[in-house]
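Residue numbers start from 1 in every chain, and the chains themselves are labelled A, B, ... in the order their sequence lines are given, proteins ahead of strands. Since the structure is predicted, the reported quantities are computational estimates derived from the model, not experimental observations. Values below: every heavy atom of this structure, side chains too, minus hydrogens, waters and symmetry copies.
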Number of protein chains: 2
Amino acid sequence: MDEGRRRELEAAGWRAGDAADFLGLTPEEAAFVEVRLALARHLRELRQKNGWTQTAVAERLGSSQSRVAKMEASDASVSLDLMVRSLLTLGATCAEVGQTIAQAA
Amino acid sequence: MDEGRRRELEAAGWRAGDAADFLGLTPEEAAFVEVRLALARHLRELRQKNGWTQTAVAERLGSSQSRVAKMEASDASVSLDLMVRSLLTLGATCAEVGQTIAQAA
DNA sequence: CCATTCTATGCCAGAACTGACATGCCGGTC
DNA sequence: GACCGGCATGTCAGTTCTGGCATAGAATGG
């Protein structure tokens, strides 16, 4: 957000910031959320790059389409565990996963 | 393991290999295990480097000493979630966590 | 507009994880 | 030996996660 716009909003009684600020997350909580988001994005990219449907991915993972959708949405009901395992199963390398996390925040 | 020793063992009816081979894990399962082990090691190093006891760490994480021990042992009852959250809470950065995972295998 | 395909969201029973507690093991101190 | 601090291992009730199902929305082709 550019500085001018922020001041404008603050003058109107708003506080500028990201979701973490808004939700009052601690820095490590915020980092964790960022990690989850990064992995979710990576998961979707990997799927789309290969032209797979969520259903196809679900089959490959031994899961269901709805869970794949939730993974890509970084839904609260999916764990890091599931996301990382899924990435590896879909062919991502540890290096790839690691880099995704490293760049999360 | 050196080649000669391996042949010697195989001649005696043994099969050489790592834990993954032995347990019949798929490559991605093996990678996942490696990731867990790497994080567990990192967790212990981080604790020891700072001269903390498991109890102290547990307090800081809002958990218990036994769970910290299990984390460091990469016990089956602890999730990647918990390990990553713990690392971040103890002050590790995303970059650090990412690198640990990237170098896991 | 309708049908089809793909994706998103709600829900639930069963499985997995978590913190807590109890207990055992080991090395150091007295 | 007795005691103690630090770590490991077992167990368990409560919570969270997971796969599966139903269904609704979005996008595309007829």
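In this structure, the side chain of A:Arg36 does not engage the main chain of A:Met71 through any donor-acceptor pair within 3.5 Å. Between the A:Asn50 side chain and the A:Trp52 main chain, no donor and acceptor come within less than 3.5 Å of each other.
Residue A:Thr55 places no side-chain atom within donor-acceptor reach of the base of C:dC6, judged by atom type and a 3.5 Å distance cut-off alone.
Cluster annotation: A:Leu61 and A:Leu82 are assigned to the same hydrophobic cluster (Ile/Leu/Val/Met/Phe/Trp/Tyr, side-chain heavy-atom contacts under 4.5 Å, transitive). When hydrophobic clusters are built by joining Ile, Leu, Val, Met, Phe, Trp and Tyr residues whose side-chain heavy atoms come closer than 4.5 Å, directly or via intermediates, B:Leu25 is not grouped with A:Leu90. Hydrophobic clustering keeps A:Leu37 apart from A:Met83 (ILVMFWY residues linked when any side-chain heavy atoms are closer than 4.5 Å, directly or through intermediates). Tracing side-chain contacts under 4.5 Å through hydrophobic residues (I, L, V, M, F, W, Y), one never reaches B:Ile101 starting from B:Val33; they form parts of separate clusters.
In this structure, A:Gln54 places its CD atom 13 Å from C1' of D:dA26, rounding to the nearest Å. In this entry the distance linking CZ of B:Arg67 with C1' of D:dG10 reads 12 Å, nearest Å. A:Arg47 has its CZ atom 10 Å from the P atom of C:dC6, to the nearest Å. A:Lys70 has its NZ atom 13 Å from the P atom of C:dC12, to the nearest Å. Atom-to-atom, CD of A:Gln65 to C1' of D:dT23 comes out at 11 Å; the value is rounded to the nearest Å. If you take CG of B:Leu61 and P of C:dG19, they are 8 Å apart, rounded to a whole angstrom. B:Glu59 has its CD atom 15 Å from the P atom of D:dG5, to the nearest Å. Summarising the geometry, the separation between CZ on B:Arg44 and P on D:dG6 is reported as 15 Å, rounded to the nearest angstrom.
Separation of atoms OG1 (B:Thr55) and CD (B:Gln65) is listed at 5.0 Å; rounding is to 0.5 Å.
Residue-level contact check: A:Ser64 touches the bases, meaning some heavy atom is under 4.0 Å from a base atom. Backbone-only engagement by A:Thr53 is indicated by non-hydrogen atom pairs under 4.0 Å involving sugar-phosphate atoms exclusively.
Closest approach to the B:Ser66 side chain among C:dA22, C:dG10, C:dA8 is made by C:dA22 (side chain taken as heavy atoms from C-beta onward).
Near DNA chain D, defined here as any heavy-atom distance below 4.0 Å, the residues from residues 71-90 of chain A are A:Ala76, A:Ser77, A:Val78, A:Ser79, A:Leu82, listed numerically.
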